[in-house]
Amino acid sequence: MGNATSCCDSCFRGHRSQSYEPLLLENEREAVADLLQYLENRTTTNFFTGSPLSALTTLSFSDNVDLQRSAALAFAEITEKEVRPVGRDTLDPILFLLSSHDTEVQRAASAALGNLAVNTDNKLLIVKLGGLEPLIRQMLSPNVEVQCNAVGCVTNLATHDDNKTKIAKSGALVPLTRLARSKDMRVQRNATGALLNMTHSDENRQQLVNAGAIPVLVSLLNSPDTDVQYYCTTALSNIAVDGTNRKKLAQSEPKLVSSLVALMDSPSLKVQCQAALALRNLASDEKYQLEIVKADGLHPLLRLLQSTYLPLILSSAACVRNVSIHPQNESPIIESGFLQPLINLLSFKDNEEVQCHAISTLRNLAASNEKNKLAIVKAGAVQSIKELVLEVPINVQSEMTACIAVLALSDELKGQLLEMGICEVLIPLTNSPSTEVQGNSAAALGNLSSKEMRTSSDDYSAFNDVWDKPDGGMHRYLYRFLTNSDTTFQHIAVWTIVQLLESGDPQLISNIRNSTLLAPNIRNLAISRASTPSSSVGTPRSHHSQPSYQDTETGDGLAEIQLLSRRILEFVDSDLEGIPGSVPGSHMQPGTSLGSSNGRDHEELRRSVREAFMPGSHR
């Protein structure tokens, strides 16, 4: 906000002795005398009440422009030094002065009002008393000082949520947008700050877009002024929250991404941070996910990710997570050197959100490329997850177990993951207070137990090692899921048991056959036709769906659970010597029937259930 010229005692004395003393009314002459006395004792005088305010009010409502100037300057100086909640008796004379045709009065009165608008109560009262209309008129003034103070006052008023919609509907946005292009940097700064303050609600953002603010904000990203860059970057970040606005930006602003990428190298940390956040919001759309990589945005993002400043780490981690959603970006991100920094952030205990962004990005990078899965494991991600997962917050546990479930889809990695002892941490998490963590952990175990093509060299001893421990081991986990009222969990349990039986491992088969916990419940599921609720586990919670399994629809899910349960019973109730999968050196091929069931039916069932463990889209 522009600075008002200070009021001083000589101002009054000079006017009084030279120009208008003979023309003063008696009450005006008394007001001047009183005010001079109060100004001499200004450090101990409360100008917002009693006689001091009465003297200022008399001068404000005078027909004498010189007296109005003196009152306006006094208000400007007083409010510059002291701001407090005021009443209508203080604001009325200042609002009256705003309507003056004298530029000096306008400038000083708007400065005083802007100072008072720093206070929360005053913000509301100024708008309630009709302060927006004269401020809008002053924004249209040809005088730069008047423009600056008026816009600065609106900027302060717009920081209160209750005022934002009123400002948007008052007609202020068009002149604000025009003044954002002002050649005067102070006006430009105040105008862009006001526009930023108007971007915090859907309705107001739409009003801004309709007022033509987008091209102005984008053009000012290249401003030499750091504050203007910050205001415009943050405003665009907020505007990009809305999908409709992102489409408009994509159609009309081809240089937006390159400008934001350049601002990530700004000398200002706050500009860097907001540029990354703006790109994060844009990267909610596929087009921008690709464009950020094409514009060489990965290198500055990597630098920010390795910063020691939390806001930069958080904003860049959030951006990379969204960029990693697109399958075409997986390899470029890995090749740019992100793996180790992302793995390092898994142990960033100061901020749970950073941990979530880092692990979710790793999972996205593993989603559709076998080579990337191998690179992620080789870089130490699984070892880090194993060391951390039992201690991190539940939201991070959910992301970590989901990542393991995706990595466990790789036949090439299953043995390595089992050797690393990942089951030792997954099993306790199947009894987590969070159904998401339970489901992701169980899905990971299920994926580890299955193989597309089994061979005689497949080693399932890792499952025997954890059959009874920790926390009751695989045995108790399978029992809990079999007896769960949630059909999704029942589905995971019976499918996993089928995989373990098909392994041909004699010890595993014996463990399952001899279990007094599993067999009765499998029999119940084999004959049950009752409708049971299915879980919400696996439904989308962010940009995309769960990676490890999908919802089980009650009808089809129950039929599959029943069929899987019957196959298990056919297996465990048969003569061991007559079961192909139990003969040493043999293995069960996909599509091979268990017992006497039709092989084609079994293949369809296996395909259906396997799809429940496949990763969905990125997220």
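Position 1 is the first residue of the sequence; numbering continues from there.
Using a distance-only test at 3.5 Å, with no hydrogens or angles considered, no donor-acceptor pair links the side chain of Arg321 to the main chain of Thr361. With Gln355 contributing its side chain and Leu346 its backbone, the two residues share a donor-acceptor pair below 3.5 Å. A distance-only check finds no donor-acceptor pair linking the side chain of Asn163 to the backbone of Thr159 [under 3.5 Å]. Judged purely by atom type and a 3.5 angstrom limit, Thr234 has no side-chain atom pairing as donor or acceptor with the backbone of Tyr231. Between the side chain of Thr199 and the main chain of Leu196, a donor-acceptor pair closer than 3.5 Å is present. When atom types are taken as modelled, the side chain of Asp242 and the backbone of Thr244 share no donor-acceptor pair closer than 3.5 angstrom. Of the possible polar contacts, none joining the Ser237 side chain to the Thr233 backbone as a donor-acceptor pair under 3.5 Å is found. Looking only at distances, no side-chain donor or acceptor of Asn190 sits under 3.5 Å from a matching main-chain atom of Asn149. When atom types are taken as modelled, the side chain of Ser398 and the backbone of Asn395 share no donor-acceptor pair closer than 3.5 angstrom. Between the Asn281 side chain and the Val241 main chain, no donor and acceptor come within less than 3.5 Å of each other.
Contact between Ser266 and Gln229 at its shortest, heavy atoms only, is OG-OE1, 4.0 Å. Among all heavy-atom pairs drawn from Gln147 and Ser141, the shortest one is NE2-O, 2.6 Å. The two residues Ser110 and Val146 make their nearest non-hydrogen contact at OG-O, 4.5 Å. Annotation for Val261 and Pro300: closest pair CG1-CG, 4.1 Å, computed over non-hydrogen atoms. Of all heavy-atom pairs spanning Leu249 and Tyr288, the tightest one is C-OH, 3.3 Å. Scanning both residues, Cys232 and Leu220, for their nearest heavy atoms gives SG-CB, 3.5 Å.
Residue Asn119 forms a side-chain contact (heavy atoms from CB on, under 4.5 Å) with just one option from Asn115, Asp121, Leu116, and that option is Asp121. Screening Lys164, Lys169, Lys166 for a salt bridge (charged side-chain N to carboxylate O under 4.0 Å, His left out) involving Glu203 leaves a single residue, Lys169. Among the candidates Lys248, Lys247, Arg246, Arg280, the single residue satisfying the salt bridge (charged side-chain N to carboxylate O under 4.0 Å, His left out) test with Asp285 is Arg246.
Here the side chains of Asp162 and Lys123 are not in contact, with every heavy-atom distance at 4.5 Å or above. Looking at Arg363 and Glu399, their side chains come closer than 4.5 Å, going by heavy atoms from C-beta outward. At a threshold of 4.5 Å between non-hydrogen side-chain atoms, the residues Glu253 and Ser259 do not count as touching. Proximity of Glu104 to Gln68: side-chain heavy atoms (C-beta onward) are nowhere separated by under 4.5 Å. No side-chain heavy atom of Asn364 sits under 4.5 Å from any side-chain heavy atom of Glu330. Using a 4.5 Å cut-off on side-chain heavy atoms (C-beta onward), Gln397 and Ile359 make no contact. Side-chain contact between Leu135 and Leu157: present, with at least one pair of heavy atoms (C-beta onward) separated by less than 4.5 Å. Under the 4.5 Å side-chain criterion, counting only non-hydrogen atoms from C-beta, Gln188 is in contact with Ser223.
Other residues, nucleotides and ligands contribute over 12 non-hydrogen atoms within 6.0 Å of the CD atom of Glu26. Environment of CD in Gln340: crowded, with over 12 heavy atoms of neighbouring residues, nucleotides or ligands closer than 6.0 Å.
Here Gln274 contributes atom CD and Leu221 contributes atom CG; the two are 12.0 Å apart, rounded to the nearest 0.5 Å. The CG atom of Leu25 sits 7.0 Å away from atom OG of Ser62, with the distance rounded to the nearest 0.5 Å. Atom-to-atom distance recorded for Leu305:CG and Leu314:CG is 10.5 Å, nearest 0.5 angstrom. Of the inter-residue distances, the one linking Phe75 atom CZ with Ser60 atom OG reads 4.5 Å to the nearest 0.5 angstrom. Between the SG atom of Cys319 and the CD1 atom of Ile292 there is a distance of 4.5 Å, given to the nearest 0.5 Å. A distance of 8.0 Å separates OG in Ser284 from CD in Gln289, rounded to the nearest 0.5 Å.
For Asp225 and Arg186, the salt-bridge test fails: no basic side-chain N is under 4.0 Å from an acidic carboxylate O.
Inspection of the Asn210 and Gln206 side chains reveals an N or O donor paired with an N or O acceptor under 3.5 Å. A donor-acceptor pair shorter than 3.5 Å cannot be found between the side chains of Thr44 and Asn41.
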Practice task
Quick one: do Val323 and Leu279 satisfy side chain to side chain contact (heavy atoms under 4.5 Å, CB included)? Show the steps, please.
Solution key: CA-CA 9 Å; Val323 172; Leu279 289 168; over 6 Å; no
Handout entry: Worked verdict on Val32 versus Leu35 for side chain to side chain contact (heavy atoms under 4.5 Å, CB included)
Key = CA-CA 5 Å; Val32 170; Leu35 192 56; 5.9 Å; no
Practice task
Might you work through the side chain to side chain contact (heavy atoms under 4.5 Å, CB included) test for Asp89 and Thr57, ending with a clear yes or no?
Solution key: CA-CA 8 Å; Asp89 51 351; Thr57 302; over 6 Å; no
Problem - Verdict with reasoning, Ser315 to Gln272, per side chain to side chain contact (heavy atoms under 4.5 Å, CB included) - result: CA-CA 9 Å; Ser315 60; Gln272 292 179 36; over 6 Å; no
Handout entry: Criterion side-chain hydrogen bond (donor to acceptor under 3.5 Å, both in side chains) on Asn64 and Glu28, from CA distance to verdict
Key = CA-CA 10 Å; Asn64 188 308; Glu28 294 173 345; 5.6 Å; no
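Aromatic ring pairs are classed by plane angle as parallel below 30°, tilted from 30° to 60° and perpendicular above 60°; the pair Phe47 and Tyr38 is perpendicular.
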